[in-house]
Visitor: 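Below are the structure tokens for one structure; questions will follow.
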Amino acid sequence: MSVNDDSGVDELAIMAQAVALPLPDACRPGVEANASVLRGYVALIEGLPLSDHCEPAFGYTP
Amino acid sequence: MMTTAAAQANAVRFGVRTARETIEAAIETIEIRDSAYVSVTRLLAERARRMADAIDIRIARGEQVGPLAGVPFGVKDLFDVAGEVTTAGSVVLASDPPKEDDAIVVRRLIAAGAIPLALLNMDEFAYGFATENAHYGVTRNPRDTDRLAGGSSGGSAAAVAGGLVPIAIGSDTNGSIRVPASLCGVWGLRPTQGRLPLGGVYPFAASLDVVGPFAGDVGDLKLAFEAMDGRSLSDIPDAGGLRVARLGGWFEQDLVPALREGLDRLTGFLGISRIVELPEAARARAASFVITAAEGGSLHLPRLRTRPMDYDPATRDRLMAGAMLPAAPVIRAHRIRNWFREQVHALFEHVDVLIAPATVGPAPRIDQPTIMVGGKPVSARANLGLFTQPLSLAGMPILAAPLAPPAHEGASAEEQLPLGVQLIAAPGKEASLFAVATALSQAGLLGFPTPAPAPVHMSSSNSGNS
């Protein structure tokens with residue numbers, strides 16, 4: 001979710017538009033920082049190989 | 001000086017003190033002390049007085065009044081309380097109608113004789129580890145009011161540590177019971193996910209949310225949990241017969257020396273040398289982060305579209321970022337959760353209780369809200385859950401306990417602050433946690449003197465505007 005990256009695309013605005021979320025200017029720095037943190041965590045979880053048979057834990061029970 | 005919940009209840013049940021006197025004393029304590037802590041957002045004085053009078057009448061009639069008779073308790077402001085608006089620490093919900101009923105666990109505590117006395121501060125919508133709330137103020141740590149109480153159930157931990165109430169209830173999604181309990185030097189329990197009902201609890205990240213109690217000692221914690229659970233823990237095993245191990249790897253990093261030494265004392269007393277590792281703890285933490293952000297963001301998205309500026313800015317920006325997460329990583333996070341749960345279950349085939357730190361060190365200063373991770377200062381608000389978040393993902397019961405204060409003379413003020421550990425068991429095995437916790441408490445290795453000494457000053461730097 002980079003913002004105004006090398007391609008000049010405002011990715012944050014596109015992501016916000018995708019969920020019909022207006023992004024006030026006052027919120028942008030904080031949202032951008034948090035989106036960056038989340039991007040790091042997404043990269044971490046993408047790095048773990050999983051079996052195709054590992055299902056999501058919907059209806060989670062311990 | 002506040003006594004334990006058990007002692008207060010016994011005094012009421014056996015006619016030493018009335019429930020009304022107990023409640024009046026608690027109200028007076030709150031009025032004297034809480035200006036220094038900022039843990040109470042609403043006092044439920046009139047209802048508490050009515051309930052206390054009703055208990056006194058029942059005692060006079062010779063009726064049974066329950067194991068927590070007349071004991072005041074604090075309620076994180078995301079549990080429904082009849083006649084009150086559930087704000088979840090926000091102003092966004094302030095115009096909602098007052099609730100008609102108490103949350104289920106509140107009702108169960110009342111059925112055990114306890115009396116809800118105060119609603120307590122929290123990070124807005126439980127999204128944080130600091131209890132720095134833009135609407136209701138910064139809750140201060142009773143052990144040192146210049147330091148954070150932790151969060152998001154910081155009001156609950158501070159109210160117990162500060163001697164306002166002997167027990168309180170809170171919620172834990174990523175560590176929101178365990179972190180503030182540890183920083184404030186009190187006991188907290190995140191029960192097995194799904195064990196306690198969430199009826200009447202405002203959600204945060206519904207697939208991770210758990211509710212549980214805080215108390216000043218392990219006996220009170222057990223009493224409060226049993227009341228919330230609606231049944232007694234009748235099968236407490238012998239601690240000596242349990243297989244206990246220490247969590248290594250991820251859970252050994254960045255610890256302050258006193259915490260490492262405290263963990264050594266626990267394992268030494270228990271005669272254990274075994275260290276086990278949870279695989280992929282960093283990815284488990286990441287999955288918790290992603291699930292939390294996505295579920296919280298999705299929950300609030302309709303309001304974020306229309307009234308974003310009514311939110312606490314820190315919460316809002318996190319929720320917005322979470323609402324924009326695409327589906328693929330969120331689903332992957334849930335798949336990792338499944339995988340991680342299998343690894344944890346496999347571990348518990350060979351171990352009954354695991355011991356781990358709860359945070360890397362003592363409560364951070366309010367004016368310098370950072371902790372050291374990997375040799376670098378990082379935001380406390382975002383990172384105090386370093387050791388609690390990975391464990392949330394697998395749904396096990398986890399008891400947060402304070403190490404006993406340092407015995408040696410000459411400890412610095414910072415070295416005298418509370419440090420917390422986590423005891424972790426397989427799902428449904430809360431009894432094993434209480435067995436080990438009680439043994440370590442009786443040995444003088446766990447437990448911090450509660451309440452904290454009365455506050456001697458009030459700092460003027462509270463950033464809240466309530």
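We name chains A, B, ... by the order of the sequence lines, and we start the count at 1 in each one. In what follows, every heavy atom counts, from backbone to side chain, and hydrogens, waters and symmetry copies are set aside.
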Visitor: What is the distance from atom OH of Y41(A) to atom OG1 of T292(B), rounded to the nearest 0.5 Å?
Guide: 11.0 Å
Visitor: Is it the side chain or the backbone of R195(B) that comes within 4.5 Å of chain A heavy atoms, both, or neither?
Guide: neither
Visitor: By a 4.5 Å heavy-atom criterion (distance strictly below it), what part of Q193(B) contacts chain A: side chain, backbone, both, or neither?
Guide: both
Visitor: Measure P22(A) against the heavy atoms of chain B and call it side chain, backbone, both or neither at under 4.5 Å.
Guide: both
Visitor: Select, from I336(B), L319(B), I331(B), L208(B), the one with the greatest count of heavy-atom pairs under 4.5 Å involving chain A.
Guide: I336(B)
Visitor: Could you tell me the separation between the CE atom of M320(B) and the CD atom of E32(A), rounded to the nearest 0.5 Å?
Guide: 13.5 Å
Visitor: Does any non-hydrogen side-chain atom of R341(B) lie less than 4.5 Å from one of T61(A)?
Guide: yes
Visitor: Compare every heavy atom of R316(B) with every heavy atom of C27(A), then report the nearest pair and how far apart it is.
Guide: SG-NE, 3.2 Å
Visitor: If I measure from the heavy atoms of chain B, does A16(A) come under 4.5 Å with its side chain, its backbone, both, or neither?
Guide: both
Visitor: What part of P427(B) is in contact with chain A, defined as an atom under 4.5 angstrom from a non-hydrogen atom: side chain, backbone, both or neither?
Guide: side chain
Visitor: Quick check on A293(B) against chain A: is it the side chain, the backbone, both or neither that has a heavy atom closer than 4.5 Å?
Guide: side chain
Visitor: Picking from L21(A), L23(A), L48(A), which has the most non-hydrogen pairs under 4.5 angstrom with chain B?
Guide: L48(A)
Visitor: Is it the case that over 12 heavy atoms from other parts of the model lie below 6.0 angstrom from the CD atom of Q17(A)?
Guide: no
Visitor: With side chains defined as the heavy atoms from C-beta onward, is the minimum distance between V31(A) and M324(B) less than 4.5 Å?
Guide: yes
Visitor: Using a 4.5 Å cut-off on heavy atoms from C-beta on, say whether the side chain of P62(A) contacts that of M396(B).
Guide: no
Visitor: Testing the basics here: between A321(B) and N34(A), what is the closest heavy-atom pair and its distance to 0.1 Å?
Guide: CB-CB, 3.6 Å
Visitor: Of all the heavy-atom pairs spanning A26(A) and M309(B), show the shortest one and how long it is.
Guide: CB-CE, 3.9 Å
Visitor: What part of A33(A) gets within 4.5 angstrom of chain B, counting heavy atoms only: side chain, backbone, both, or neither?
Guide: neither
Visitor: Set out, in order, the CA-CA distance, both residues' side-chain angles and the distance that settles side chain to side chain contact (heavy atoms under 4.5 Å, CB included) for L44(A) and F289(B), then state yes or no.
Guide: CA-CA 11 Å; L44(A) 254 182; F289(B) 242 109; over 6 Å; no
Visitor: Of all of A284(B), P302(B), A286(B), which one pairs up most often with chain A through heavy atoms under 4.5 Å apart?
Guide: A286(B)
Visitor: Should we say atom CD of Q343(B) is surrounded by more than 12 heavy atoms from elsewhere, each under 6.0 Å from it?
Guide: yes
Visitor: Under 4.5 Å heavy-atom distance to chain A, tell me which part of P308(B) shows up: side chain, backbone, both or neither.
Guide: side chain
Visitor: At their closest point, which heavy atom of N338(B) faces which heavy atom of E55(A), and how far apart are they?
Guide: ND2-O, 2.7 Å
Visitor: Compare every heavy atom of A57(A) with every heavy atom of R337(B), then report the nearest pair and how far apart it is.
Guide: CD-CB, 3.7 Å
Visitor: With side chains defined as the heavy atoms from C-beta onward, is the minimum distance between R332(B) and L50(A) less than 4.5 Å?
Guide: yes
